[in-house]
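Contents: one structure, followed by commentary.
Start at 1 with the first residue, then count along the sequence.
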Amino acid sequence: MSEANRVDSESRVCEVPIHQVLAAETSARADCVVVEEPMEIRVVYGPPEKRVMRSVSITMRTPGHDDELAAGFLFTEGILNSPQQIGQIETRGVDPDGKSTGNIVRVSLRDSENVDLSRLQRHFFTTSSCGVCGKASLDALEVQGLRPLDADWTISGKRITALPGLLRASQPTFSQTGGLHAAGICGLDGVLLAVREDVGRHNAVDKLLGRFFLDGQTPLSQCVMIISGRASFEIMQKALVAGVPAVVAVGAPSSLAVDLADRYGMTLVGFASENRFNIYARAHRIDTAS
C-alpha cells in the first residue's frame, strides 16, 4: 500500500501519514485508521452431483470475525435458520501479487440443504425503498414468518444507563482509531456476553448475532442488544430475527425502527448515556425506578 502501511496482515488498524494542525501550527506525524476492505459472501448448496455456488453479498467491512459476519448475514436475512445447515465456512481470495487476503468467505451448506435466495430480494427492497411505504416494509417481515416477541421480564434502568460505558470499554480498536461501530449482547444482569466492532453498523450486528447463531444460542430471548450508533429499521429487523426483545442505542432511532419495535413487541431505547435514555417502544420491560 503506497499511502498506508499495514501494521500486520491480521490487523484491523493501519498507519497513515498526516499533517496535524493545532493552534495554526502544522506538524507531520502518523495516525492510526481503521482498515476497510471488501468481503464477498458466497453460498455453496445443492446435492453432491449438482452443487451450485452463488455470490450473495459484497460488503465493506473491517477484517476479523469474517465467519461470524457471513453466518450472521445469512441468518438475519432469513437464508439460514440453524447452524446445522452449515457444513463448512472457509476464507479465500488473493491480491494481485498472489498473497492471500481472505476477502472471499465461502459458506458451504450440507448436501441435503437447499436455500431460497429470493429472500435476499427483501434486503434490496428495504434498502432501496424509493416509492415504498413503511407499512409495506413491515408487511414484508410477516411474509417471512416473523412474529412478535413476548419475552416477559424486566431490567433495571441503572443497568440500561451502564451499557454505553460497558460497550465503550470493550472497543479496543475504537480506542486506537475512533472509527468503528460496535454491538454487544448482555444478559438481564447487565453483564456483556460478547462485543463485535466493525466499520459498518450492520456488519457489527451481523458479526455479533452470527457468533450466537453459530453457537446454537439463538433465539436470545433473555438478552438485550446495545449498539453504538443509531437504531435503524434493518438493525431492529436483525434483532427480531435473532429473538432479541430489547435494543438499546446510543444514538437516535428512525421512525420505521420505532414502528417495527411497537408492532413486534420489542423494547427500543435511544440516546442512552450514563444518566439518561428515551424509551420509544414497549417500556414495560424497563424498571425505571431501580
Closer than 4.0 angstrom, basic N to acidic O: yes or no for [X] and [Y]?
| X | Y | answer |
| --- | --- | --- |
| Glu90 | Arg106 | yes |
| Lys207 | Glu197 | no |
| Asp215 | Arg211 | yes |
| Arg51 | Asp111 | yes |
| Arg61 | Glu36 | no |
| Asp31 | Arg29 | yes |

Ile79 vs Val43, side chain to side chain contact (heavy atoms under 4.5 Å, CB included): CA-CA, chis, key distance, verdict: CA-CA 10 Å; Ile79 303 302; Val43 176; 5.5 Å; no
Spacing of [atom1] belonging to [X] relative to [atom2] belonging to [Y], to within rounding of 0.5 Å:
| X | Y | atom1 | atom2 | answer |
| --- | --- | --- | --- | --- |
| Thr91 | Asp66 | OG1 | CG | 7.5 Å |
| Leu214 | Ile89 | CG | CD1 | 5.0 Å |
| Glu15 | Cys32 | CD | SG | 5.0 Å |
| Arg147 | Tyr264 | CZ | OH | 7.0 Å |
| Leu149 | Thr267 | CG | OG1 | 9.5 Å |
| Ser254 | Tyr280 | OG | OH | 11.0 Å |

Remaining members of hydrophobic cluster (4.5 Å side-chain criterion), Leu192: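 Members other than Leu192 - counting any ILVMFWY side chain reachable under 4.5 Å - are Trp153, Ile155, Ile160, Leu163, Leu166, Leu167, Leu188, Val195, Val224, Ile226, Val248, Val250, Val269, Phe277, Ile279, Ile286.
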Answer yes or no: is there a side-chain heavy-atom contact under 4.5 Å between [X] and [Y]?
| X | Y | answer |
| --- | --- | --- |
| Arg282 | Asp262 | yes |
| Phe212 | Leu193 | yes |
| Val241 | Leu209 | no |
| Arg42 | Val107 | no |
| Pro245 | Arg285 | yes |
| Thr218 | Phe75 | yes |
| Met266 | Leu260 | yes |
| Arg201 | Arg230 | yes |

Expected output: side-chain Gln85 to main-chain Ser82 donor-acceptor under 3.5 Å: yes
Side chain Gln237, main chain Thr76, donor-acceptor under 3.5 Å: yes
Heavy-atom pair with the smallest gap, counting every atom of [X] and [Y]:
| X | Y | result |
| --- | --- | --- |
| Gly229 | Ala249 | O-CB, 3.6 Å |
| Gly190 | Arg159 | N-CD, 4.0 Å |
| Cys223 | Val244 | O-CG1, 3.8 Å |
| Ile86 | Phe213 | CD1-CE2, 4.2 Å |
| Ser290 | Ser156 | OG-CB, 3.2 Å |

Atom CG of Asp189 with >12 non-hydrogen neighbours under 6.0 angstrom: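 Atom CG in Asp189 is packed in, count exceeds 12.
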Side-chain donor-acceptor contact under 3.5 Å, Thr59 with Asn203: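 A donor-acceptor contact under 3.5 Å links the two side chains.
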Criterion side chain to side chain contact (heavy atoms under 4.5 Å, CB included) on Ser57 and Met39, from CA distance to verdict: CA-CA 8 Å; Ser57 176; Met39 189 188 92; over 6 Å; no
Residues Ile227, Ile235; criterion side chain to side chain contact (heavy atoms under 4.5 Å, CB included); working and verdict: CA-CA 9 Å; Ile227 56 175; Ile235 284 180; 3.9 Å; yes
Shared hydrophobic cluster for Val52 and Leu109 (ILVMFWY, side-chain gaps under 4.5 Å):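 They do share one cluster, since a chain of ILVMFWY contacts under 4.5 Å joins Val52 to Leu109.
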same_hphob_cluster(Leu146, Val247) at 4.5 Å side-chain heavy-atom cutoff: yes
CA sep, side-chain torsions, deciding dist, call: Thr161, Arg276, side chain to side chain contact (heavy atoms under 4.5 Å, CB included): CA-CA 7 Å; Thr161 56; Arg276 60 159 288 186; over 6 Å; no
Trace of the side chain to side chain donor-acceptor pair (under 3.5 Å) decision for Glu40 with Ser55: CA-CA 7 Å; Glu40 180 183 5; Ser55 176; 2.6 Å; yes
